[in-house]
Visitor: 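Quick one: the structure is below, and I'll ask about it shortly.
Each ligand, and each atom within it, is numbered from 1 in the order the structure gives.
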Amino acid sequence: MAFEGLTERLQNAMKKLRGKGKISEADLRDTMREIRLALLEADVNFDVVKDFVKTVRERAVGSKVLEGLNPAQQIVKIVDEELTKTMGETDAPLNKSPKIPTIIMMVGLQGAGKTTTAGKLANRLKTEENARPLMIAADVYRPAAIDQLVTVGKQIDVPVFEMGTDTDPVEIVRQGLAKAAADHNDYVFIDTAGRLQIDEQLMDELARIKALAHPNEIMLVVDAMTGQNAVATAEGFDSKLDVTGVILTKLDGDTRGGAALSIRAVTGKPIKFVGEGEKMADLDVFHPDRMASRILG
Ligand code: GDP
């Protein structure tokens with residue numbers, strides 16, 4: 001990840017305050033205007049930017065930053081804290097079932113990274129907890145999708161349950177869950193179909209799978225590089241399925257940061273993990289505070 005443009009602009013906005021013993025109202029106004037522009041240019045959601053700027057300003061004025069010592073430093077601190085809050089404040093751990101298996105349903109648009117990310121997360125659980133996951137191939141519209149999941153499964157040595165493309169996905173999931181129960185798998189990943197855009201038929205199918213499987217986690221996978229479209233996608237999926245968590249993929253290729261900074265504030269749903277590359281190891285827990293520090297540079 002490199003939100004260089006955003007980092008540079010935020011740093012520049014606040015640099016001007018440095019060295020000033022006292023900051024005037026006008027200085028603060030200028031700084032806030034530049035922060036606002038920097039965030040908008042990074043493709044952060046308009047309302048999120050508005051709220052962010054308002055809060056930082058109010059805190060700066062309220063805490064009498066302008067009259068205190070090191071005003072520049074204090075404003076940097078407020079911006080850091082508010083960026084952290086905007087992205088969810090604290091880490092959001094994986095929802096786990098009290099009894100096995102924990103069922104994780106992966107949803108998202110085609111190409112967002114569902115299949116790859118299911119593999120990454122299964123691999124992570126294997127390494128961290130010695131887990132024994134099963135992955136169910138429930139995307140019956142693209143034969144290549146099943147092959148891809150099988151390939152990922154082989155790569156990380158995780159079994160894949162598949163029934164080809166001729167069976168109803170809900171039935172595949174039913175049988176896959178029965179298999180997981182018989183084999184005592186502790187995690188089940190359901191790799192669902194995606195489309196290029198949200199459509200009613202797909203949402204109905206996903207809702208039927210959800211109703212059958214009662215997943216502990218409905219993990220929405222979105223491509224960070226699509227910026228505000230990722231945010232709109234998240235709102236669309238969330239309104240139909242009530243997702244429980246978000247995984248932001250392709251952060252390695254995202255130069256702006258708009259999705260990372262907007263999704264939590266817009267949807268209220270936590271970003272739980274981020275994908276930062278194509279390899280199975282390229283999945284990290286999302287830490288709002290560390291991301292804020294990275295953005296501030
Ligand atoms: P799906 O259609 O949602 O299942 O998406 P795939 O899992 O097939 O991923 C689509 C493409 O995105 C593949 O080429 C993946 O290797 C790539 N991809 C997935 N996650 C990441 C990531 O975090 N970073 C990068 N650079 N590529 C990713």
Side-chain angles (χ1 to χ4, degrees), residues 1-4 104-125 133-156 158 160-162 164-165 169 172-173 176 188-199 201-203 205-206 209 215 217-227 229-234 236-238 240-241 243 245-261 263 271-287 290-291 294:
M1 176 210 94
F3 304 153
E4 276 143 12
I104 303 169
M105 178 172 168
M106 309 291 288
V107 302
L109 294 181
Q110 191 177 312
K114 273 183 308 298
T115 307
T116 312
T117 306
K120 285 178 176 177
L121 195 49
N123 188 45
R124 186 185 178 91
L125 292 164
L134 173 75
M135 301 195 288
I136 302 177
D139 179 357
V140 298
Y141 305 100
R142 295 185 311 130
I146 300 177
D147 295 343
Q148 191 193 346
L149 190 66
V150 169
T151 304
V152 167
K154 283 200 183 115
Q155 208 180 324
I156 58 173
V158 165
V160 171
F161 181 84
E162 60 110 347
T165 56
I172 297 175
V173 171
V188 176
F189 287 85
I190 306 173
D191 190 28
T192 64
R195 302 271 159 85
L196 293 175
Q197 285 171 345
I198 291 179
D199 73 50
Q201 200 197 348
L202 174 66
M203 287 300 159
E205 178 178 305
L206 296 177
I209 294 177
E217 193 82 83
I218 301 182
M219 202 66 104
L220 173 67
V221 178
V222 288
D223 177 345
M225 286 165 71
T226 62
N229 285 334
V231 180
T233 302
F237 272 91
D238 191 40
K240 295 277 170 25
L241 295 170
V243 308
V246 177
I247 300 186
L248 209 51
T249 61
K250 308 186 198 182
L251 211 59
D252 50 311
D254 179 24
T255 53
R256 297 172 82 195
L261 272 162
I263 278 192
I271 302 175
K272 297 200 169 181
F273 296 91
V274 288
E276 301 200 69
E278 295 195 75
K279 291 200 286 292
M280 282 297 120
D282 298 332
L283 183 80
D284 295 306
V285 170
F286 181 72
H287 304 289
R290 285 190 215 168
M291 185 59 85
R294 271 164 79 174

Visitor: Working to the nearest 0.5 Å, report the span between CD of Gln155 and CG of Asn123.
Guide: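 These two atoms lie 8.5 Å from each other.
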
Visitor: To the nearest 0.5 Å, what is the distance between CD1 on Ile146 and CD1 on Ile136?
Guide: 12.5 Å

Visitor: Under the rule for side chain to side chain contact (heavy atoms under 4.5 Å, CB included), what residues qualify as partners of Gln148, not counting sequence neighbours?
Guide: Thr115, Thr116

Visitor: If I take atom NZ from residue Lys114 and atom CD1 from residue Ile247, how far apart are they, to the nearest 0.5 angstrom?
Guide: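 Result: 11.5 Å between the selected atoms.
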
Visitor: Kindly tell me which protein residues have any non-hydrogen atom under 4.0 angstrom away from an atom of ligand 1, grouped by chain and ordered by number?
Guide: Leu109, Gln110, Gly111, Ala112, Gly113, Lys114, Thr115, Thr116, Lys120, Arg142, Gln148, Thr249, Lys250, Asp252, Gly275, Glu276, Gly277, Glu278

Visitor: Are Tyr141 and Gln110 close enough that a side-chain donor and a side-chain acceptor fall under 3.5 Å?
Guide: no

Visitor: Nearest 0.5 Å please: distance from the OG1 atom of Thr192 over to the CG atom of Leu206.
Guide: 5.0 Å

